[in-house]
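The structure appears below as structure tokens.
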Amino acid sequence: MQLTWPILSVLIWLPIAAGVALLILGDRGIAFGRWLALGATVLTFAISTQLYTHFDMTTADMQFVEKLPWITAFNSWYGLGVDGIAMPLIILTTFITPLVVIAAWTVIEKRPAQYYASFLILEGLMVGVFAATDALLFYVLWEAMLIPMFIIIGVWGGARRVYATLKFFLYTFLGSVLMLVSLIYMYMQTCDAGQCSYAIADFQELPLALNAQLLIFMSFMLAFAVKVPMWPVHTWLPDAHVEAPTGGSVILAAIMLKMGGYGFLRFSLPITPDASAQLDWLVISLSLIAVVYIGFVALVQQDMKKLIAYSSIAHMGFVTLGSFLAFDLLQVNGDVRGAAMGIDGAMVQMISHGLISGAMFFCVGVLYDRVHSREISAYGGVVNTMPVFAAFAVLFALANSGLPATSGFVGEFLVIIASFRADFWYAFLAAVTLILGAAYTLWLVKRVVFGAVANDDVAALKDLNGREFVVLGILAAAVLLLGLWPAPLLDVMRPTVEHLVQQITESKL
Amino acid sequence: MSEPLLSSLNLSVASAEIFMVCAICVVLLVDVFLSDRSRWVTYALSLLSLVGAAIVTVKTGVSARETALEGAYVADPMGDVLKLFAYGTVAVAFMYSHDYLRRRGLFKGEYFLLGLTALLGIMVMISAGSLLTVYLGVELLSLSLYAMVAFDRDSGVAAESAMKYFVLGAIASGTLLYGFSIVYGLTGTLQLDELVLAVREVGPDRIGLIFGLAFIIAGIAFKFGAVPFHMWVPDVYHGAPTPVTLFIGTAPKIASYVLAIRVLAEGLDAMVASWQSMLIALAVLSMIIGNVVAIAQTNLKRMLAYSTISHVGFILLGILAGTGDGYRAAMFYTLAYVIMAIGSFGMILLLSREGFEADRIEDFRGLNRKSPWFAAVMMMLMFSTAGVPPFVGFWAKLAVLGAVVDVGLVWLAAVAVLLSVVAAFYYLRVIKVMYFDEPADSLAVEGGGVVRALLTVNGLAVLILGIFPGALIDLCARVLP
């Protein structure tokens, strides 16, 4: 079923090439440029569906593999490939980006060519991060990704955009540099073992002493925890979200945060299983703090984007919780099924949160474009003037609070079940989110959407235009589809997750 | 009688230097008879001599180490590559500076002549086979640079920095010479290849040798501009006319690298344990002081001066590893740094106008609005200098860190990367000014066609070498086996 052409390279370089073309074209040719951006992103999505249709669901091996020599001096390869964990995230990326382009269509008037180009280049880099099988290539793309995002927040952001974007860049940069030292260290270890290599697969098989594992684990943890973000290194996220333009917030929430979760699954768990087993309590407690404490923080927010940002942190807590429950389960009762269920839940939660948080940021964007305020108190009774919008907003809000039949339910449910198998109190605390999540999301909807028309701004609102309807409609369909029928996603992941559980049960000492 | 003597000197190996001396004499003589209007002849002749020197170097290139002048002169593949790189750097420096010098009425022969003599000093250092040759090269380079800093004679600031540079530089040269003399006194030789054996005989732990080494290290650190011998760097970078800053900030770095390699790695390699610990202190201090103080700067030239200090720390990291990998990494870092630094100073020259130096960070305000391409070039240069992939600066850092981790100094690598996060802040500030702020005026970018074309190539080089760094890394590996 494998393809004969290098599909992953196309997915990376097609959007980047289109982005460069847009930069050359400049603002003067933007009428054509917009269509170019849309065409390129839609084409990229169309091509990425081939990944799903040609995916072999019986193996945990890397598929659609490409391997070309890159830097021979470091034995580094241009190595690409996807498995059941990476593939859904790539499709999520290619799915969200066209929506961002559509949403910006008439909204972005300042330097539009550079705006679209940034997103296109960013898309290519993000696909590359999920597809890289070489740690050095992964790191290069992981860092390079910060550049377009830095520009996006800084140029098209809100009033405190400079502060927010510098904080975003420096925070994530600080998080990841120590990971580089760890990668170099492991490279040197592979050299000592006879075959120098930066391949992630080789790192996963590399025997490491416990002390080295602990240090490597901490450096990975710092990199990925900042990205997820986990409490207490989350403070860049609310600022970045609030100041970013709608498209930036969507990409940030829907895809960039997932890279932290992906990093845990790809690097931390299989490369440092013994250190992870030692320190799982740390990750689990931080995740539970994120779920509960950040849930309360979200409750008191006055700014819609900030509220959704905090809600993202709480929801991403499920991802880290689900990933690291595996160690607890395996240690306590050797529960392999439970471990797999936790990781399944983490993955589903990532995809689902990508759709829901993206949709909610789009909703805020729709309101912001009309009223130019993100304050909850500036709204009230939107349902009276924007009934169609209100329907979407309520749907996404319910999905965000984990209503069954939406995608938000599946991931949380799997993780909570898995935590029950480990410890009642984990499950108890995790389940608090069902109450808190509902509380802050529905209260938000109540204040913004329902009630009497609050002011003249709201009275003058116009309902969704066709463009906005398309964006929200597509997302709503995806949220419901994944909620009603998550089986295709779970099937794709199954062999990879089983393999991952197998990897983490084998000590590397 | 004279026949065998000449052939025993093996002078053909040194053809490039001999050619350069002749070329300098020609340029000097021709320049005297030129009127100010036809000064372009000096400029053209200088560029021509560089091309000629490059041809000579390629023609007489060696595939293995060869000596001349009874061991005082060495030719090896590393030297050839570094020389070619130095010619290129000097040529680019001349071309970047041309417009600026013309606009300021500074378009005089001295800049080009002093540039060429400085280059000759660099070439002598690159080919040094004995401590005396090393010293000769150091002095030739330094004296040219002192004069160059002061060559805008109406500028008080420039005169002041030249004075500082000269006084401190003279002390440093003295220190270096003192160190050499101690080593000579204990080992009885100045020749680097004999020194290797002599040091082993005397015993590398002999306190007198270590005493001499400390002075040598201080001299080298001064030429590099490493903390705590860095005081001259910000003042000279800031005070000198921008074309001179561009010159000082680029080609002499190759010389400093080669100075360290010839003296420490080749001559005193048995004392690696001693100089490693000294260099660790210098490297860490340079990275800390350079990066932290750079944050407070508002003048771009001064900021780049502190940034140089921190980069010197990184180059020293490669050297102090004391392995072939480390020297290669440091060479790669030096070359990458020169490419990035010359571009950054070139941008200042591009934006400068009559009565406007463009050397403050805020002078770059809103550049993206005025000239998206050159804003992008500067952005690439800044990200590269900060060590963010996919630009060449990242690979330079990676190579150096790899060498350091390989010898078990993981903590040093961790310190280095953490400080590079501090560095990211001040480079980002330049990008912030260009992209996020609105322009203060609506004047277009004036720079001439040559500068524009060169900067375009410069910016693309940083990107392309960042995506395909293999060629440059392999080159360093080939010439430094």
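Numbered from 1 within each chain, the chains take letters A, B, ... in sequence-line order.
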What's the spacing between A/Tyr185 OH and B/Leu401 CG if we round to 0.5 Å?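 It is 15.5 Å, given to the nearest 0.5 Å.
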Measure the CZ-NZ distance between B/Arg369 and A/Lys110 for me, rounded to the nearest 0.5 Å.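 Going from CZ on B/Arg369 over to NZ on A/Lys110, the span is 7.0 Å.
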Positions in residues 412-430 of chain B that reach chain A, provided some heavy atom is under 4.5 Å away: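 Heavy-atom contacts from residues 412-430 of chain B to chain A are B/Ala413, B/Ala414, B/Val417, B/Leu418, B/Ser420, B/Val421, B/Ala424, B/Phe425, B/Leu428.
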Where does [X] contact chain A at under 4.5 Å (heavy atoms): side chain, backbone, both or neither?
X	answer
B/Phe436	both
B/Asp474	side chain
B/Phe394	side chain

Is the ring pair A/Trp70/B/Trp395 parallel, tilted or perpendicular, if the boundaries are 30 and 60 degrees?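 Judged by the thresholds at 30° and 60°, the geometry between A/Trp70 and B/Trp395 is perpendicular.
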Exactly one of A/Leu183, A/Val140, A/Leu180, A/Ile71 should register a side-chain contact (heavy atoms from CB on, under 4.5 Å) with B/Leu398. Which one does?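 By the side-chain contact (heavy atoms from CB on, under 4.5 Å) criterion, B/Leu398 pairs with just one of A/Leu183, A/Val140, A/Leu180, A/Ile71: A/Leu180.
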Do any of residues 143-156 of chain A come closer than 4.5 Å to chain B, heavy atom to heavy atom, and if so which ones, in number order?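 Listed by number: A/Glu143, A/Ala144, A/Ile147, A/Phe150, A/Ile151, A/Gly154, A/Val155.
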Enclosure of B/Phe468 CZ (heavy-atom neighbours >12, cutoff 6.0 Å):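 No, the 6.0 Å shell around CZ holds no more than 12 heavy atoms from other groups.
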Can you tell me if CD on A/Gln195 sees more than 12 non-hydrogen neighbours from other groups inside 6.0 Å? no
Does any backbone or side-chain atom of A/Thr165 lie under 4.5 Å from a heavy atom of chain B? Answer side chain, backbone, both or neither. side chain
Minimum heavy-atom separation for B/Gly402 to A/Met188, with atom names? O-CE, 3.0 Å
Do B/Asn368 and A/Arg111 touch side chain to side chain, with heavy atoms closer than 4.5 Å? yes
Test side-chain contact (heavy atoms from CB on, under 4.5 Å) on A/Tyr187 and B/Val405 and set out the steps. CA-CA 10 Å; A/Tyr187 170 74; B/Val405 170; over 6 Å; no
With chain A, which of B/Ala477, B/Gly466, B/Pro390 has the greatest number of heavy-atom pairs at distances under 4.5 Å? B/Pro390
